[in-house]
S.K.: 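Just dropping this structure here.
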Protein chains: 2
Amino acid sequence: MSIVVRTLSDRVFEVVREQILKGRLRNGEPIRQDALATELGISKIPLREALARLEQEGLLINHPNRGYYVQAMSREQVDEIYALRLSIEPQAAAYASSVATDDDRAVAMRAFGALDTAAHSNLADVAVRNREFHIALVEPGRRPLTTQLVERLEVLAERYVIAHLEPAGRDARAHIEHQALFNAWLERDKRKVEKLLKEHIQGTLKDLRAQLKAPD
Amino acid sequence: MSIVVRTLSDRVFEVVREQILKGRLRNGEPIRQDALATELGISKIPLREALARLEQEGLLINHPNRGYYVQAMSREQVDEIYALRLSIEPQAAAYASSVATDDDRAVAMRAFGALDTAAHSNLADVAVRNREFHIALVEPGRRPLTTQLVERLEVLAERYVIAHLEPAGRDARAHIEHQALFNAWLERDKRKVEKLLKEHIQGTLKDLRAQLKAPD
DNA sequence: TCGGGTATGATCGTCTACGGTATTCCATCT
DNA sequence: AGATGGAATACCGTAGACGATCATACCCGA
């Protein structure tokens, strides 16, 4: 009963996604299918399947007969992503905290630890750990659509975090917030989880907005 | 500047989606790729792309090396879908009502009319009109992710509505609710839109729950 | 010099054909 | 009965070809 059976297009989906997140495939840039396929050592069918799914996720956009492009980032999208996260995630994490099994809690603990120890490596890795931590807080709710949605929003948000939040300072604050949030989650204090997560998301949004206003 | 340029896989995506919604492809049933492709008169490349996207949407599920299956319906999923809709849609429609242009309002008006006149045709058509009406209430917010998400949830919900809400009685009530909701929307009464839409969604959920408890 | 039309090249979207491989199912054997 | 083995089925991925379409550079005429 192992789930290690995965299709090629499944794995390519993740590989390309991470490449987009890490900025390896840049903003408004076109995806050259033949080039990318040979670079990945695969044929175009699994690649195109992965690209189609990434478009569905909102990371790519397809212009018929012109190909896939990395979805451009914009201030409006930041606002939209975070508005959606605020509508979904605090509630979902609060509920999950109340029904998490011991296994779930152990998984979340590990995710928290991984985020902790990764805190001083490069930003892209931290971002991945951060994503996994946030998902681990929601997953125990056994609501697949919700979890998937949270993951998707997290992924979309990650692009902006990686691109704009290099500055330190955020690290320390986020760490403190994560700690408090996770404590409340372990104590199954739904109200507190909801409140803290809401504040945490708002805090990140505020940082992002500040960064987005200044440069360029 | 017409946007009628669409790829084959794009159109197939919609065709197959509607077939799933209308129950033409049944619940836990496998999708025979070759058969479906020849039936649609296309090759497997665009079909597989469409299927990959439909999996991302939550209508299909892929078992590696065994193929795609129509995602089974379940009571838990109903609850989840409607919980998400309640978290997103009322707010989104309320906001959209406040920023809708005259064009947007005309579009919404047409969608309302179409739903109205279709009210006595078969349920599947009504469901499509219903979806389009709900989207038209949200679209003017110009928040692409939100709109796409609302559409997705609407699509997922539609399966259950089509499968379980054949009984009349719902028609009349839904019509009244739509009327009141649409009036508030046209008046840009955000609070009222939010309240009425929330009640409307809850009402549908209640009907669905009643139907799901009884049979089988 | 500049604008518009055209040729050209690159890339996409789709098709066809083929082979490997995983799964399923059934018959056979112990 | 249960295990083994093999055939059938369908999926997964590769390879190559081709027309359609878009972008660019070029050319020509005013």
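Order of the sequence lines fixes the chain letters, A, B, ..., with proteins taken first and strands second; residue numbering starts at 1 for each chain. Worth saying up front: this structure is predicted, and the values here are computed from it rather than measured.
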S.K.: I need the CG-C1' distance between Leu60(B) and dC11(D), as an integer number of Å.
M.R.: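 Going from CG in Leu60(B) over to C1' in dC11(D) covers 15 Å.
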
S.K.: Would you say the side chain of Thr38(A) lies within less than 4.5 Å of the side chain of Asp34(A), judging by non-hydrogen atoms?
M.R.: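 Result no, sub-4.5 Å side-chain heavy-atom pair not found.
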
S.K.: Assuming nearest nucleotide by heavy-atom distance, tell me which of Asn65(A) and Tyr68(B) is located more 5' along DNA chain D.
M.R.: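 Closer to the 5' end of DNA chain D: Tyr68(B).
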
S.K.: Output yes when Arg11(B) and Glu14(B) qualify as a salt bridge under the 4.0 Å nitrogen-oxygen rule, no when they do not.
M.R.: no

S.K.: Can you measure Arg6(B) atom CZ to dA20(D) atom C1' for me and round it to whole angstrom units?
M.R.: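 These atoms are roughly 18 Å apart.
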
S.K.: CG of Asp34(A) versus P of dT14(D): gap in Å, rounded?
M.R.: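 Atom CG in Asp34(A) sits about 13 Å away from atom P in dT14(D).
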
S.K.: Just checking, any donor-acceptor pair under 3.5 angstrom between side chains of Thr204(A) and Asp207(A)?
M.R.: no

S.K.: Tell me what Leu47(B) touches on the nucleic acid: a base, only sugar-phosphate, or nothing, going by heavy atoms under 4.0 Å.
M.R.: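 Counting heavy atoms under 4.0 Å across all strands, no contact is made by Leu47(B).
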
S.K.: Please classify the nucleic acid contact of Thr7(A) as base, sugar-phosphate, or nothing, using heavy-atom distances under 4.0 Å.
M.R.: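 Sugar-phosphate: the residue Thr7(A), judged by heavy atoms under 4.0 Å, touches backbone atoms but no base.
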
S.K.: Tell me whether the guanidinium CZ or amine NZ of Arg209(B) lies under 6.0 angstrom from the six-membered ring centre of Tyr82(B) and within 45° of its axis.
M.R.: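 Verdict for Tyr82(B): no cation-pi partner in Arg209(B).
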
S.K.: Could one point to a donor on the side chain of Lys44(A) or the base of dG16(D) with an acceptor on the other under 3.5 Å away?
M.R.: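 Side chain to base: no pair below 3.5 Å.
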
S.K.: Looking at Asn62(B), I'd like to know whether one of its side-chain N or O atoms comes within less than 4.0 Å of OP1 or OP2 on dC12(D).
M.R.: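 Yes, within the criterion.
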
S.K.: Run the side-chain hydrogen bond (donor to acceptor under 3.5 Å, both in side chains) test on Gln211(B) and Tyr160(B) for me, step by step, so that the C-alpha distance in whole Å, both residues' side-chain angles and the decisive distance to 0.1 Å come before the verdict.
M.R.: CA-CA 10 Å; Gln211(B) 284 296 319; Tyr160(B) 294 92; over 6 Å; no

S.K.: Need to verify one output field. Residue with the more 5' nearest nucleotide on DNA chain C, Pro64(B) or Ser9(B)?
M.R.: Ser9(B)

S.K.: Without decimals, in angstroms, what is the distance between Gln33(A) CD and dA15(D) P?
M.R.: 16 Å

S.K.: What is the distance from CZ of Arg48(A) to P of dA15(D), rounded to the nearest Å?
M.R.: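 The answer, rounded to whole Å, is 17 Å.
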
S.K.: Using chain B heavy atoms and a threshold of under 4.0 Å, write down where along DNA chain C the contacts begin and end, 5' to 3'.
M.R.: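 Range of nucleotides touched by chain B: dT14(C) to dT24(C).
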
S.K.: If you find the nucleotide of DNA chain C closest to Ile45(A) and the one closest to Gly67(A), which residue's nucleotide is nearer the 5' end?
M.R.: Gly67(A)

S.K.: Please tell me if the side chains of Glu18(A) and Val128(A) come closer than 4.5 Å, counting only heavy atoms from C-beta onward.
M.R.: yes

S.K.: Please compare Leu8(A) and Tyr69(A) by the position of their nearest nucleotide in DNA chain D and report the one closer to 5'.
M.R.: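 Taking each residue's closest nucleotide, the earlier one in sequence belongs to Leu8(A).
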
S.K.: Report yes if a side-chain nitrogen or oxygen of Arg32(B) is closer than 4.0 Å to either non-bridging phosphate oxygen (OP1 or OP2) of dT9(D); otherwise report no.
M.R.: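 Answer no for this pair, as no side-chain N or O of Arg32(B) is under 4.0 Å from OP1 or OP2.
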
S.K.: With Glu154(A), which residues qualify under salt bridge (Lys or Arg N to Asp or Glu O under 4.0 Å), at least two apart?
M.R.: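 Only Arg85(A) meet the salt bridge (Lys or Arg N to Asp or Glu O under 4.0 Å) criterion with Glu154(A).
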
